[in-house]
Structure formats: C-alpha cells, structure tokens
Amino acid sequence: MTTQKDISDNKEKVPDYYGHRKRLKERFLLGGGRDMPDYELLELLLMLSIPRKDVKPLAKQLLAKFGSFSAVINAPAAALYEVSGIKESSYIVFNIVREAAVRSSWDSLKNQDAPVINNWDAMLDYCRTAIGHKDVEEFRIIFLDVKLKVIGEEVQQRGTINQVAIHPREVIKSAMLHGARAIILVHNHPSGDVTPSRADMEITNKINVAAAAVGIKLFDHLIVSNSGYYSFQEKGLITEPKII
C-alpha cells in the first residue's frame with residue numbers, strides 16, 4: 001500500500017534539473033530559441049543525447065573550449081571527445097544540426113530563380129556553412145547555367161590540413177558533364193587565413209584559361225574560413241584570358 005511518506009520520498013528523488021529542462025523546452029517552444037543564449041541552445045541539444053544528467057555545466061564547458069555555438073557544432077569528433085561527458089551520441093546530434101544547416105542553405109541557394117550575383121550573400125553563407133569550419137582543405141565546384149543560376153555542385157578533392165590536389169582537366173570535365181556555362185571554385189583554409197597562396201593563384205589562372213577554351217566562364221574563386229572569405233573576382237584577379 002502506497003503511503004503519503006512513499007509519495008513524498010518519490011518526489012524528493014526527482015532531480016532538480018528535471019524542472020530546469022522543462023522550463024528550457026517551454027521557452028524554446030514559445031520563442032523558437034531566438035532569445036536564448038548559446039549555452040541554453042547547447043543544453044537543449046545535449047538533453048537529446050544525455051537524458052539523465054544536468055548538462056548546463058557541460059554546455060558552458062564546450063563554449064569555453066570552442067568559443068561559439070557554431071564552433072561547437074562544427075568541431076571534429078576528436079576535439080569534442082576531449083571534453084569529459086561528450087560521447088558519440090552528442091557528436092551525432094551536433095552533426096545532424098550542422099548537416100541540416102548546410103542542406104537548408106543549399107536549398108535556398110539552388111532554388112533562387114535569379115543569377116547568383118543578385119544574392120551573393122546567400123552564396124557566401126552556403127560556402128562558409130558547408131566547408132568554412134572543416135579542419136582539412138576541401139575543393140568544390142559550383143555549377144551555373146547560362147543565366148548564372150546554380151544548377152549543382154561537386155566535391156572535387158579533399159586534402160590534408162593545407163593542401164588539395166586540383167587538376168584543371170578534371171574541373172573542366174565535371175563542368176561539361178553538368179552542362180555548366182559558368183563555374184565558381186570554392187575551397188577552405190583551415191588556418192583561418194583566407195589570403196590566397198601562390199599555388200591558389202596559379203591554379204586559378206590555369207582553370208580560367210582551360211575553361212575559356214571550351215566556352216565556360218570562371219565566375220569566381222572563393223577561399224573561405226570560419227571567420228571570413230576571399231573573392232578573386234572582387235579583388236579583380238579574374239580576367240578574360242586571351243585564347244590563341
């Protein structure tokens with residue numbers, strides 16, 4: 001038979017953070033998270049992967065280590081696992097959020113019924129979201145049609161922390177297979193410094209010449225990081241090559 005004392009004991013066994021979790025969920029549902037600081041959004045994500053623990057200290061520890069919500073979400077597994085309490089389940093939740101952001105950004109970019117130049121910020125946002133936080137270099141091609149609308153993309157190369165092997169012939173081959181009339185080259189600098197190297201300059205010129213030879217325009221080459229970008233077009237470094 002259940003006594004009043006048993007009920008009282010059961011109530012005492014409910015952890016304090018249960019009420020905190022409930023209040024966090026209610027606030028998120030009410031305002032969509034817009035008024036919530038980074039550590040509370042991280043708490044909500046950690047609650048999904050760590051159901052029976054006060055995760056507020058862990059959320060604050062992650063922010064202290066990585067610096068921002070986006071940096072936590074984009075952190076590599078090895079770095080996350082250095083934080084006590086972070087397991088594979090949390091890494092998976094973070095990656096789901098990151099992938100959702102990338103896909104949403106890409107859908108927004110591809111569904112625009114206008115040339116990319118009409119909303120260049122969307123292009124920059126996508127490139128930085130997709131590869132700006134990666135810890136190794138990655139080289140992508142974004143394909144445009146004759147009206148300079150986005151029609152597709154391809155990851156051409158993934159490399160070491162500071163180098164990818166880019167081959168002009170493969171770039172042009174991919175562009176032709178996609179029926180592109182123009183292309184945007186994109187790669188990241190994991191160091192955070194988006195200043196182009198001599199190799200970056202040389203490969204851009206080679207691809208520009210090779211593309212022009214088959215009637216494809218090199219629209220831009222973007223170098224991105226987690227904190228900025230560099231546009232060859234904006235710097236006046238892409239010109240019409242002379243085809244002999």
Side-chain angles (χ1 to χ4, degrees), residues 66-67 70-71 74-79 98 102 105-106 109 115-117 120-145 148 150-244:
F66 295 102
S70 62
N74 286 278
R98 191 196 74 81
V102 171
S105 182
W106 173 252
L109 182 65
V116 291
I117 197 64
W120 193 239
D121 286 344
M123 174 63 70
L124 296 174
D125 287 344
Y126 169 69
C127 293
R128 290 184 59 195
T129 300
I131 64 174
H133 289 266
K134 289 184 178 292
D135 57 352
V136 295
E137 282 201 21
E138 184 171 297
F139 176 73
R140 296 188 179 205
I141 313 169
I142 295 177
F143 306 108
L144 311 175
D145 65 13
L148 299 181
V150 174
I151 56 175
E153 73 163 345
E154 180 179 297
V155 178
Q156 269 264 319
Q157 296 286 341
R158 291 186 176 94
T160 62
I161 193 169
N162 59 5
Q163 184 179 6
V164 292
I166 304 170
H167 304 286
R169 181 184 300 175
E170 294 302 315
V171 172
I172 303 309
K173 178 181 177 182
S174 294
M176 295 177 72
L177 287 174
H178 282 81
R181 297 297 298 273
I183 56 176
I184 297 173
L185 311 178
V186 188
H187 82 279
N188 61 314
H189 279 183
S191 67
D193 181 2
V194 294
T195 306
S197 65
R198 180 184 295 273
D200 293 335
M201 303 284 284
E202 291 176 352
I203 195 63
T204 302
N205 289 333
K206 289 179 180 178
I207 292 174
N208 191 26
V209 171
V214 294
I216 296 173
K217 177 180 178 60
L218 175 58
F219 189 81
D220 204 347
H221 183 175
L222 296 171
I223 303 174
V224 297
S225 72
N226 60 6
S227 59
Y229 77 96
Y230 186 100
S231 164
F232 279 65
Q233 184 65 252
E234 288 180 7
K235 300 297 183 180
L237 298 177
I238 296 180
T239 58
E240 292 291 336
K242 294 180 179 180
I243 306 299
I244 299 175

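This structure is a prediction, so every number in the text was calculated from the model and none was measured.
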Counting C-beta onward and ignoring hydrogens, is there a side-chain heavy-atom pair between [X] and [Y] closer than 4.5 Å?
X	Y	result
V186	E138	no
K134	P190	no
M123	I142	yes
I117	L148	no
Y230	P196	yes

Can you tell me if [X] and [Y] form a side-chain donor-acceptor pair at under 3.5 Å?
X	Y	result
D220	S231	yes
S174	Q156	yes
T204	H221	yes
S191	D193	no

query: Pick one: which of I203, I141, D200 meets side-chain contact (heavy atoms from CB on, under 4.5 Å) with H187?
result: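 Among the candidates, only D200 passes.
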Between [X] and [Y], what is the shortest heavy-atom contact and its length?
X	Y	result
A122	S105	O-OG, 4.5 Å
V224	V194	C-CG1, 3.9 Å
N226	R128	O-NH2, 3.0 Å
A175	I183	CB-CG2, 3.8 Å
A165	Q157	O-CG, 2.7 Å
N205	L237	OD1-O, 4.4 Å

Separation of [Y] [atom2] from [X] [atom1] (nearest 0.5 Å):
X	Y	atom1	atom2	answer
N74	F66	CG	CZ	10.5 Å
F219	L144	CZ	CG	7.0 Å
R158	I131	CZ	CD1	10.0 Å
I216	R181	CD1	CZ	8.5 Å
L218	I238	CG	CD1	4.0 Å
L109	T129	CG	OG1	10.5 Å

- request: Could you give me the CA-CA distance, side-chain angles and deciding distance for F232 and I223, then say whether side-chain contact (heavy atoms from CB on, under 4.5 Å) is met?
  value: CA-CA 8 Å; F232 279 65; I223 303 174; 3.8 Å; yes
message: What verdict does the side-chain contact (heavy atoms from CB on, under 4.5 Å) test give for L185 and F139, after you've listed the backbone C-alpha separation in whole Å, the side-chain angles of each residue and the deciding distance to 0.1 Å?
response: CA-CA 7 Å; L185 311 178; F139 176 73; 3.8 Å; yes
- request: I would like to know whether Y126 and V102 meet side-chain contact (heavy atoms from CB on, under 4.5 Å); could you show each step before the answer?
  value: CA-CA 7 Å; Y126 169 69; V102 171; 4.0 Å; yes
- prompt: Crowded around R98 CZ? As in, over 12 foreign heavy atoms under 6.0 Å?
  reply: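 Counting other residues, nucleotides and ligands, CZ of R98 exceeds 12 neighbours.
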task: May I have the step-by-step check of side-chain contact (heavy atoms from CB on, under 4.5 Å) for I184 and R140, ending in yes or no?
output: CA-CA 8 Å; I184 297 173; R140 296 188 179 205; over 6 Å; no
query: Can you say whether the rings of F143 and H178 are parallel (under 30°), tilted (30 to 60°) or perpendicular (over 60°)?
result: parallel
task: Answer yes or no: is there a donor N or O on one side and an acceptor on the other, between the side chain of N188 and the main chain of V136, under 3.5 Å?
output: yes
